[in-house]
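Report on the following structure.
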Amino acid sequence: LTSERFGVRRLPFARVGDRDVAFFERVLPGRVVTDPEELKPFNVDWLQSVRGCSQLMLKPQTTAEVSQILRYCYERNLAVNPQGGNTGLVGGSVPVFDEIILSTALMNQIISFDKVSGILVCQAGCILEKLNEYVEEQGFVMPLDLGAKGSCHIGGNVATNAGGLRLLRYGSLRGTVLGLEVVLADGSALDCLASLRKDNTGYDLKQLFIGSEGTLGVITAVSILCPQKPKAVNLAFLGCQSFTKVLETFTTCRAMLGEILSAYEFMDEKCMELVERHLKLSSPVTGSPFYVLIETSGSNSTHDEEKLNSFLEQAMTSGLATDGTVATDDKKIKALWSLRERITEALTHDGYVYKYDISLPVGKLYDLVTDTRARLGPRAKNVVGYGHLGDGNLHLNITAESYSHSLLEAIEPFVYEWTARCNGSISAEHGLGFKKKQFIAYSKAKEAVLLMQRFKAMLDPKGILNPYKMLPSGS
Ligand code: FAD
Ligand code: MLT
Ligand code: ZN
């Protein structure tokens with residue numbers, strides 16, 4: 001159990017009893033889970049690194065039901081863990097002890113879609129990939145995309161302020177989410193579900209809930225702005241001989257591709273080894289220490305291909321890239337994206353994964369990988385680096401045969417101190433959840449953390465929403 005491994009003490013919340021279960025059965029007939037076998041996967045996170053022991057999962061379908069649940073839990077002092085697709089990577093999505101799991105799995109209805117503005121309004125439990133398919137049929141795309149799209153919920157994406165593979169082009173959810181409906185800890189529903197591009201009337205309250213990781217309220221519905229589906233998508237996958245070349249290639253491609261550049265991702269040769277070994281994928285480009293994936297999205301395929309080709313010619317003749325391939329058809333594009341998107345999955349086949357998600361000045365991005373590798377030596381099985389280079393976001397991952405406390409101590413706080421020295425962020429996009437919450441001070445001023453704690457106390461005075469997560473304990 002997480003609580004045993006990390007020495008956390010249970011806070012004095014009430015414990016779920018028969019009368020509570022009977023109450024929930026009345027409110028949610030047939031949608032109350034108490035079977036321990038059925039509960040197992042919802043108590044363990046995607047990385048299989050943290051585990052709680054909840055004995056109760058609730059599956060509301062409406063905002064009114066979420067209100068009823070929280071009003072009751074607030075009265076009874078029962079702790080609640082909001083859960084979407086359970087793909088979170090920082091241990092925030094599963095209980096630490098016996099918190100009630102409030103799942104959005106059945107809140108999966110699309111409320112409206114405006115074909116002129118591209119504004120989608122839907123319930124929080126809609127699966128990202130399903131939403132993307134739905135809006136694609138109408139000529140739009142979701143403004144975010146990530147490897148977990150097949151299972152993550154839009155509510156979970158908003159709760160973590162997920163970044164992903166399209167952030168470079170469409171910006172963060174802080175810009176594309178136009179409105180939210182949220183149920184607060186005491187059960188009151190807050191309707192901020194506006195569908196307006198511009199709305200400067202008062203404080204922008206929805207921003208408080210974006211990235212709040214289930215600690216301030218339960219997001220029940222989302223209004224989000226979808227961009228036009230690009231008519232032409234092209235991909236280039238290149239091999240670079242050094243990280244300096246990766247950076248130079250980025251500068252060149254920004255200058256030459258301009259407005260059609262939609263992704264710039266990188267991975268090192270270790271990542272490539274792992275996706276090939278564990279997932280049996282094969283890359284048409286081999287033998288380089290670094291690989292970059294460049295995507296263009298535009299409205300005119302001839303124009304885009306011309307631009308991409310002249311960029312590639314420049315990249316190859318000036319020695320920025322030594323090998324490469326281009327894809328214009330869907331099948332090859334998907335296959336190339338898999339090499340990058342499925343690194344996360346390949347890592348889990350390599351052993352226990354220590355996962356870090358860091359923002360750094362882009363020039364220093366890979367130094368952290370090199371330094372960590374040197375520091376850990378043979379104690380680590382693999383130390384790899386990949387990520388959203390265009391956003392200054394490194395994913396540093398370390399694998400070992402199994403979890404070891406002494407290896408963890410060799411990594412932390414080393415990685416956080418290194419990051420703080422560069423004024424980076426110890427959580428670029430995954431959040432703090434359970435695993436990173438004690439380290440918030442490496443990236444945020446004391447006053448900022450205190451103010452966060454005051455917001456928490458104001459919105460959730462009994463602390464029943466996702467306790468033990470995001471904010472440091474013991475202060
Ligand atoms: P969960 O994992 O269920 O929950 C995550 C957090 O949000 C928890 O704290 C939970 O309590 C809270 N929460 C969930 N739903 C609600 C709600 N309705 N109201 C309030 N709180 C809620 N992240 C990125 O940023 N970029 C990536 O590129 C990326 N790629 C990924 C690739 C893979 C293969 C995987 C497994 C994960 C990836 N992630 C990525 C992590 C990312 O945080 C999640 O995939 C996603 O955003 C979480 O959505 P979810 O529905 O699974 O939420
Ligand atoms: C990614 O960019 O692949 C995701 O954030 C997941 C990860 O960091 O492994
Ligand atoms: Zn990422």
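In this chain, residues are counted from 1 in sequence order. Side chains included, hydrogens not; waters and symmetry mates left out as well; all remaining heavy atoms used. Ligands are counted one by one from 1 in listed order, and the atoms in each one are counted from 1 as well.
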Quiz item: For Arg51, does the CZ atom have more than 12 heavy-atom neighbours from other residues, nucleotides or ligands under 6.0 Å away?
Solution: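 Check fails, neighbour count at 12 or below.
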Please check whether [X] reaches ligand 1 - meaning an N/O of the residue sits under 3.5 Å from an N/O of the ligand, judged on distance alone.
X: Leu89; result: no
X: His153; result: yes
X: Thr344; result: no
X: Ser151; result: no
X: Leu165; result: no
X: Gly164; result: yes
X: Thr87; result: yes
X: Glu213; result: yes
X: Val218; result: no

Minimum-distance protein heavy atom relative to [atom]:
atom: atom 8 (C) of ligand 1; result: Gly92 O, 3.5 Å
atom: atom 21 (N) of ligand 1; result: Gly214 CA, 3.2 Å
atom: atom 10 (C) of ligand 1; result: Pro82 O, 3.2 Å
atom: atom 50 (P) of ligand 1; result: Gly85 N, 3.4 Å
atom: atom 23 (N) of ligand 1; result: His430 CD2, 3.6 Å
atom: atom 7 (O) of ligand 1; result: Ala159 CB, 3.5 Å

Quiz item: Between Phe13, Phe434, Tyr468, which is the residue that forms a ring pair (Phe, Tyr, Trp, His ring centres under 6.0 Å) with Phe97?
Solution: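 Testing each of Phe13, Phe434, Tyr468 against Phe97, the sole residue satisfying ring pair (Phe, Tyr, Trp, His ring centres under 6.0 Å) is Tyr468.
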Self-check item: Derivation of the ring pair (Phe, Tyr, Trp, His ring centres under 6.0 Å) call for Tyr354 and Tyr352
Solution: CA-CA 7 Å; Tyr354 301 83; Tyr352 184 89; 4.9 Å; yes
Practice problem: List, ordered by chain and residue number, the protein residues whose closest non-hydrogen atom lies under 4.0 Å from any atom of ligand 2. | Solution: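 Lining ligand 2: Leu89, Arg340, Thr344, Lys355, Tyr386, His388, His395, Glu429, His430.
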Any atoms of ligand 1 less than 4.0 Å from a non-hydrogen atom of [X]? List them with their elements.
X: Thr104; value: 18 (N)
X: Gly217; value: 20 (C)
X: Gly88; value: 2 (O)
X: Ser93; value: 1 (P), 2 (O), 3 (O), 4 (O), 8 (C)
X: Trp46; value: 36 (C)

Regarding [X] and [Y], do their side chains bring together a donor and an acceptor under 3.5 Å, going by distance alone?
X: Asn81; Y: Lys469; value: yes
X: Ser195; Y: Ser223; value: yes
X: Asp45; Y: Asn86; value: no
X: Glu345; Y: His278; value: no
X: Ser288; Y: Glu269; value: no

What part of [X], side chain from CB on, backbone N/CA/C/O, both or neither, has a heavy atom under 4.0 Å from ligand 1?
X: Ile219; value: both
X: Lys469; value: neither
X: Asn466; value: side chain
X: Thr160; value: side chain

Quiz item: Has Gly163 got any heavy atom lying under 4.0 angstrom from an atom of ligand 1?
Solution: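 Contact check Gly163 vs ligand 1: positive.
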Quiz item: Distance-only, no hydrogens or angles: does the Thr104 side chain make a donor-acceptor pair with backbone N or O of Met107 under 3.5 Å?
Solution: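 No, Thr104 side chain to Met107 backbone: no donor-acceptor pair under 3.5 Å.
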Exercise. Would you check if the side chain of Arg342 reaches a backbone N or O of Leu279 as a donor-acceptor pair within less than 3.5 Å?
Key: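 Side chain of Arg342 to backbone of Leu279, a donor-acceptor pair under 3.5 Å: no, none is there.
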Quiz item: Should the pair Arg254 and Tyr264 be classed as cation-pi, given the thresholds of under 6.0 Å to the six-membered ring centre and 45° from the axis?
Solution: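 Because its charged atom misses either the 6.0 Å distance or the 45° angle limit, Arg254 does not stack over Tyr264.
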Quiz item: Does NZ or CZ of Arg5 lie under 6.0 Å from the centre of the six-membered ring of Tyr403, at an angle within 45° of the ring axis?
Solution: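 Cation-pi check for Arg5 and Tyr403: passes.
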Exercise. Only counting residues at least two apart or in another chain, list the ones meeting ring-ring contact (aromatic ring centres under 6.0 Å, His included) with Phe290.
Key: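 Testing Phe290 for ring-ring contact (aromatic ring centres under 6.0 Å, His included), a comparison that skips the adjacent residues, returns Phe243, Tyr366.
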Exercise. Describe, in one word, how the ring planes of Tyr134 and Phe113 are oriented to each other, choosing from parallel (under 30°), tilted (30 to 60°) and perpendicular (over 60°).
Key: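 Ring orientation of Tyr134 relative to Phe113: perpendicular.
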Quiz item: How would you list, by chain and number, every residue that makes a salt bridge (charged side-chain N to carboxylate O under 4.0 Å, His left out) with Lys245, sequence neighbours excluded?
Solution: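 Lys245 satisfies salt bridge (charged side-chain N to carboxylate O under 4.0 Å, His left out) with no other residue.
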Exercise. Would you mind counting protein N, O or S atoms that sit less than 2.8 Å from the Zn ion (ligand 3)?
Key: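 Protein heteroatoms (N, O, S) closer than 2.8 Å to the Zn ion (ligand 3) number 3.
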